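Here the structure is laid out as structure tokens; the discussion comes afterwards.
This one's a predicted model, so the numbers in the text were calculated from it and none came from an experiment.
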Amino acid sequence: MTVTHRPFGSDEPVLPVRPHPAPVAGPWTDPPEPAHVDPAVLGALLLRHGWQRRGGAAGRYARWTPPGPGGGGISLLVPESRAFPDCEDLIAEALVALTRSASPAARDVLVGLAVPSDEIRWWRDVPAGPAGAATWPMEEQLRSAARQMLLAGALAARGRAGYYGARHRGPAAASLDHVLVGPAVGGRRLTAFVPVLTGRPLAVRLHQALYAAREAVDYQRATGGMDAFDGAVEAGVSHELTEAIVALVRGTEGARIAVEWAPGAGVPEGCAAPAEPVEFSPGDLAVLREAGARYLRDEPSVPVRITGAVVRMRRAAPRGDGTVRIRVIAGAEVPHVRMTLDEEAYRIAGHAHLVGLPIRVHGRLESRGGFRRLTGATGVVPVQVDEAERDRLMKSLQENLDFFEEACGTD
């Protein structure tokens, strides 16, 4: 039923209510075509997800049943290679059976076939709730920690730093848009499927960073020295990663993380196969927190030359220094930066915005506050831009004209 509101007695026609948009189907909505499925990859995925091989003719085909007692009456015949007669028909039957199965192990196999992915798995040792259910906070903690860890891996794939703050955060977060995730079983287990085509650098960097973090923690606990964490930065360890590990382990008896490579894509250079899970315990938390604080404290400021559009101006009096916030166009891997400008530079920034031009400024991007503040700002000058960018800046000015007249009118 559609409900509308209009005055009584009005002759105006009733405007239809816009329907909710239909969900957009992704490429993994339907099972893959049998002709595109490699039998060896299907067999490897079945084995990975706990299916049991129950005989078959060696070198020709295998019979698989799902994990768990009884197997639910499902049995798959999977050829060893495409040389087996009726290979495509058997694969088609196996895909139909997997699609109809309610087993989580069947769904995970289908995801791995539809979107060739490296799988990242998390396990947390926490008490089980009634009938294996998890409390709401426990499941949220697992998902939140897993996302933090994926984001840390995405940041490390874009560059090495002990502390990123706001740097690279937008592109790194956007790179997670194609990652698929399964249910957080009882708040204890979670799997993310990272597509090989778009996300392999993330998976590789996270794999290497986790091992480096484990080795650095062991070194500190054996010697008392934090030196290993300095070298671990090159492997992808950072403040953001240590914070993610702490979030994963906190409130548990221990946690494990494993990266399993897509069977059809092979093992990346420099990575182990199979890779053993990396384990962390509550006894590691003090070292990880110390390392995270050390990264945060020691990451140096960065000299930069930034080009950006003024989006906000403020000063306490009609004359003197003022604070300016700019949207970064080039020169730094952050979306916005704040800075304090002297009276002349503040006037130049205000006038540049009023005529639809960005400014260029030199300074040091400070790590304190997440690399969102520029100190020692000098050399403020307007910058010429192409017509499209100028039109966009002028539109922004018109939307905020009253504010900028108030901020710049006395100059």
Side-chain angles (χ1 to χ4, degrees), residues 144-145 147-176 209 226 229-230 232-233 236-247 288-317 320-343 345-346 348-350 352-353 358-380 383 396 400 403-404 407:
S144 175
R147 188 185 187 283
Q148 283 181 253
M149 197 169 291
L150 290 174
L151 182 59
L155 288 167
R158 302 188 69 85
R160 311 291 187 275
Y163 171 54
Y164 293 94
R167 293 181 296 172
H168 304 297
R169 188 163 292 268
S175 71
L176 305 185
M226 299 291 291
F229 281 101
D230 296 335
V233 171
V237 182
S238 63
H239 169 82
E240 285 76 7
L241 180 66
T242 59
E243 289 287 290
I245 299 172
V246 168
L288 289 166
R289 289 191 178 105
E290 183 181 353
R294 191 166 179 264
Y295 285 137
L296 183 61
R297 181 179 64 249
D298 294 347
E299 185 68 18
S301 60
V302 182
V304 292
R305 185 180 70 172
I306 292 177
T307 301
V310 177
V311 295
R312 188 169 182 82
M313 304 182 73
R314 182 185 297 275
R315 61 182 174 184
D321 296 353
T323 300
V324 173
R325 186 170 186 254
I326 66 171
R327 177 179 59 82
V328 176
I329 298 173
E333 308 88 357
V334 294
H336 295 89
V337 163
R338 291 173 60 245
M339 67 194 79
T340 299
L341 300 179
D342 61 28
E343 183 174 348
Y346 187 86
I348 293 171
H353 185 88
I359 61 172
R360 179 178 296 135
V361 57
H362 298 256
R364 297 191 71 86
L365 203 58
E366 288 290 330
S367 61
R368 289 174 297 175
F371 294 96
R372 296 180 178 91
R373 185 171 183 83
L374 194 74
T375 59
T378 60
V380 177
V383 179
S396 173
N400 299 277
F403 173 79
F404 278 97

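- Two residues are said to be in side-chain contact when any heavy atoms from C-beta on lie closer than 4.5 Å; Arg338 and Val324 fail this criterion.
- Separating the CG atom in Leu365 from the OG1 atom in Thr375 is a distance of 8.5 Å, to the nearest 0.5 Å.
- Met339 is listed as a side-chain neighbour of Val361, based on a closest heavy-atom distance under 4.5 Å.
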- Message: Quick one, Ile245 with Met149, criterion side chain to side chain contact (heavy atoms under 4.5 Å, CB included). Give me CA distance, side-chain angles, the key distance, then yes/no.
- Response: CA-CA 7 Å; Ile245 299 172; Met149 197 169 291; 3.9 Å; yes
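- With Ile326 as the fixed residue, the side chain to side chain contact (heavy atoms under 4.5 Å, CB included) test singles out one of Leu374, Val311, Ile359: Ile359.
- Formation of a donor-acceptor pair under 3.5 Å by the Tyr346 side chain with backbone atoms of Arg314 is found in this model.
- Glu299 and Arg167 are joined by a salt bridge, as a carboxylate oxygen and a charged side-chain nitrogen come within less than 4.0 angstrom of each other.
- The shortest distance between side-chain heavy atoms of Leu151 and Arg169 falls below 4.5 Å.
- Put simply, the side chain of Arg372 gets close to the backbone of Gly369: a donor and an acceptor are under 3.5 Å apart.
- Taking CD from Glu366 and CZ from Phe371, the interatomic distance works out to 8.5 Å, rounded to the nearest 0.5 Å.
- The backbone N or O of Thr378 lies less than 3.5 Å from no partner atom in the side chain of His362, so there is not a single donor-acceptor pair.
- A donor-acceptor contact shorter than 3.5 Å is absent between the side chain of Glu240 and the backbone of Gln148.
- The aromatic rings of Phe229 and Tyr295 lie perpendicular to each other, with more than 60° between the two planes, well past the 30° mark.
- Inter-residue side-chain proximity for Glu333 and Arg158 is flagged as unmet; no heavy-atom pair is nearer than 4.5 Å.
- Using a distance-only test at 3.5 Å, with no hydrogens or angles considered, a donor-acceptor pair links the side chain of Tyr164 to the main chain of Gly159.
- Judged purely by distance below 3.5 Å, without hydrogens or angles, the side chains of Thr340 and Arg373 pair a donor atom with an acceptor atom.
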